[in-house]
Amino acid sequence: MPQHEHMERHRKLHGRRFDAEERDRKRTARLAHKRSEFAQKVHGLRAKLYNQRRFKEKATMRKTIAQHNERSNKHANDEAVADGAVPAYLLDREGVSRAKVLSNTVKQKRKEKAGKWEVPIPKVKPVADDEMFKVMRTGSKKNKAWKRVVTKCTFVGDNYTRKAPKYERFIRPTGLRMKRANVTHPELKTSFQLDILVVKKNPSSDLYTNLGVLIKGMIIEVNVSDLGLVTTSGKVAWGKMAQVTNNPELDGCVNAVLLV
Amino acid sequence: MPVYNFKNMAPVPSANDLVDIVLTRTQRRTPTVVHPGYKISRIRSFYMRKIKFTQQTISDRLTAMLTSFPRLSDIHPFYSDLCNTLYDRDHYKLALGQINTAKTLVDAVARDMVRMVKYGDSLYRCKCLKRAALGRMCTILKRQKASLSYLEEVRKHMSRLPALDPNTRTLLMCGLPNVGKSSFMNKITRANVDVQPYAFTTKSLFVGHTDYKYLRWQVIDTPGILDHSLEERNTIEMQAITALAHLTCSVLYFMDISEQCGYTIESQCNLFRSIAPLFANKQLVVVINKIDVQPWETLEEEKRRMIEELVKESGPNTTLLTMSNVSEEGVSAVKNTACDKLLAARVDSRVSGNKVESVMNRLQVVFPTARDGIVREACIPESVSKERERMAMQSSNKSKKKKGSRIGYAPTVEDEEEEDDTPSESEDEMMDGEAGNSGRKKTARELMWENGGPGVWAPDYREQYDLADPEWRFDAIPQILDGKNIADYVDPDIEEKLRVLEEEEEQLQAEYEAANMEKMDDDSLDEMEKVAVGEIRDRIKIIRQYKERPGGNNRPVLPREIRGRTKDKHDEDAKLSADAIEKRMEKYGVDASKMVERGRKREREDPRVRRRAERAAAADKEMEDAAANDSDEEMQDGRGLSKGAIKRAKKEREQSVKREKSLARSHSRPREPSQMGLKDESMAKIAKKVESKGQMRWHGGKGEGDHTQSVHLVKWMNTGKKRNGTHYCR
């Protein structure tokens, strides 16, 4: 009656077959060939996925090999620089080159110079009105065409009240209203789901801004009070700008980058 | 009582596998073809279906997972505690909770995305939304990687847990490591537990079964327990503690008095004291093991006293027993004692429990009261009392050998030997029996023994046959007669039946003869005519049957005009061609040539046509004659016909041939009405083809006339407010 570890028990009782080790060795030896055969045969999406996975494996392999080789590799040794006088013929050989640091600082300065409103997505694709709005035909004979339905995602404030249907020109469907955005902090490299406070600017048109239409490249203000960010004067910042980085109407969510 | 079977839990796929399973299923089980030209509602529903289907699949899989894993609060506390020690209750609950959360998250994602798809205005947008939805669902699944792999491990381990029943009769062994628990287990069950000379060979609970008093006993072997506090115990020890704590059983506490296990008797006593609370309400047997190495009698006085004190202080229910696995001394005594104690305890608990009350309430024992003071003794016949006395006498003076009752058994050699051994006795009995009541018939058995015993002589059962005439008893009855089994024809009232049958036959014969007497006169046909009449009658019968065949009404009916054209072999009513008429009439032996001719005459009412036909027939006849004449012209030149007549005939013939040749068709003859207006033969052929296509439906196919247009709503007629009196008369 085998209980619990039946495999081990069986091995204990009957041992392994005589060629077990040989078979294992052969199987591992054959594995590379099998893999290559598959890799050559596979195509389409599976190939893409397979190659991605394989690439990752290989990268880790390379890294581990590099780690193992670190001991034997030759590399710059800063401590080896002798104190005091250095012979002329040794001046340029060792030590840290400062070129890299310099270039970094130059870049940094240039960045600061470039202005406050440099944003991750500099260009915003203009959206035409007929793409943005769908004509809604009204009237008992459906012959009036002055109402518009917004086809993109929108942000509608909490205290928004609709106008009377008779005077309501723009309709923002409830299904396409967004309240929260997935905001990435570029320095912390983490994402948070934050409330949208207001839509700041839509470069295409002021109308879109007023309607609160959310499209790629827009600037929105998000509630960051949960993050505990502090302004330079020491106050807790609770509203911060962020730029929308995706097309919410295609993804079903708003992704944004915090502008810091 | 629920039986705990953790073996039938379905395997839990890893997160990656689960994603693959779900997506493949969606791809395979939902429609795959959609075009931007489709109506937008169709495109939307296509993608909504994909999203909903994926969500459904995921939640089905996860629900199945959640239901298959037992809830620790629902199962027996023993199993629940065992799971706690083995898998950590918190971890287990957390994993299941996370799976549950993932399910609700997936549902929420699907709900949101389906709502978004409802506003999709293009295929591209719908597709993007679907892609996002599936991606988000799969991400949620991938986040469950850790809990899924944990659950799979738990499932594997659980399925290999021994199938022990917490409520049955159980013997449980416990003690320090290496004191001989597993060896004892191997002695009394077939469990085949690994026994090794090092500590903690047994790392988990093992279950074996043994029989005692025709009952099944579950024997549980536990890992060794060390003497330290509960917090310090490791998982292996905790399993033993769990079993001790939750199972109602008989506990065997093993002690190694040889101290070979590496623990002194004192430390073993200490362990006993520290786990003593777990022995409460259990039947305890302290087993002194390995007495082959160190017999109990020669044990140092101090140690022995220590053990005895231990037993004494643990209560009156504790028993001390000695045994050895090697010499197998006392093994069965230990088993029996433990089983007996548990059995007694179980019965006790039954009797003292609440359930007994309900049974006892329904029981009533009645003691009848005597109605008067008269003593009514049993009436024993005189012969019986005599016999009894005799038997008593015999048993008193013999009483040397007790013979077992062999009623209902076949006599054996043993019996015979016994008879031989005690001939005086048996013969005495027999003689007594015969002498006592000489009128008694000898039994067949006695006769058999008189005549040489079984195999030599057997009674003839035929003597006992109860037949009408006792003479028949010894008649030989064959089993098979004339190739038939006699037994098949045995019938107690066969005579009666035969008589009835014979009577009936006679009556029938009489009736038949009476009927024949009347008929004899009008039978004046000869043999040939009779045959012919018979054939005709058969034919009539066939025709009638054909007419009355089922399903006659529900088939296409040919209109009269078409009937003649189609030579349908299944259609009896079709107009027949001359050939067919001739053939058919020939069947009845009638010459149909005149019939055909008459028919033709009636058909061609045009006199010119008729005349031409007659003339052609005459010419044919003449030609034949002429040919006949030509062949023997040289011999019989000018004989039979005058020269002038021959010439005239010849000329006429030549002319007619010429005329025939010049004409494709006679001008006077009207065309067939169906070919009127057609230019030539090929046109006619085409027309015929087209016509036959049109007639297809008479043969069950769909023809051009079968074209139907389904009713469809014409928009301008059915929309707006013009209906229901809203427009014109408001």
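Order of the sequence lines fixes the chain letters, A, B, ..., with proteins taken first and strands second; residue numbering starts at 1 for each chain.
Heavy atoms closer than 4.5 Å to chain B are found nowhere in A:K141, neither backbone nor side chain. Within the 4.5 angstrom heavy-atom criterion, only side-chain atoms of B:R115, from C-beta onward, approach chain A. Proximity to chain A is limited to the side chain of B:D121, based on heavy atoms less than 4.5 angstrom apart.
For the atom pair CD (A:E249) and CG (B:L129), the distance works out to 8.5 Å, reported to the nearest 0.5 Å. B:D20 CG to A:L49 CG: the interatomic distance, rounded to the nearest 0.5 Å, is 8.5 Å.
Around atom NZ of A:K134, no more than 12 heavy atoms belonging to other residues, nucleotides or ligands sit under 6.0 Å away. Within a 6.0 Å radius of OH in B:Y124, no more than 12 heavy atoms belonging to other residues, nucleotides or ligands are found. By the 6.0 Å contact criterion, CZ on A:R46 is open, its count of non-hydrogen atoms from other residues, nucleotides or ligands being 12 or less. Counting non-hydrogen atoms of other residues, nucleotides and ligands closer than 6.0 Å to NZ of B:K142 gives a total of 12 or fewer. Heavy atoms of other residues, nucleotides or ligands lying less than 6.0 angstrom from CD of A:E37 number 12 at most. Around atom NZ of A:K152, more than 12 heavy atoms belonging to other residues, nucleotides or ligands sit under 6.0 Å away. Applying the 6.0 Å contact sphere to OH of A:Y160 captures more than 12 heavy atoms from other residues, nucleotides or ligands. In this structure, B:R216 places its CZ atom where only 12 or fewer heavy-atom neighbours from other residues, nucleotides or ligands lie under 6.0 Å away.
Chosen from A:D251, A:L176, A:V149, A:N247, the residue pairing most often with chain B at heavy-atom distances under 4.5 Å is A:L176.
The shortest distance between side-chain heavy atoms of B:R131 and A:L250 does not fall below 4.5 Å. A:P173 places none of its side-chain heavy atoms less than 4.5 Å from the side chain of B:K118. Residues A:T174 and B:Y119 are in side-chain contact: their nearest non-hydrogen atoms beyond the backbone lie under 4.5 Å apart. Proximity of B:R136 to A:C253: side-chain heavy atoms (C-beta onward) are separated by under 4.5 Å at one or more points.
Nearest heavy atom pair, residue B:M116 against residue A:M178, reads CE-CE, 3.9 Å.
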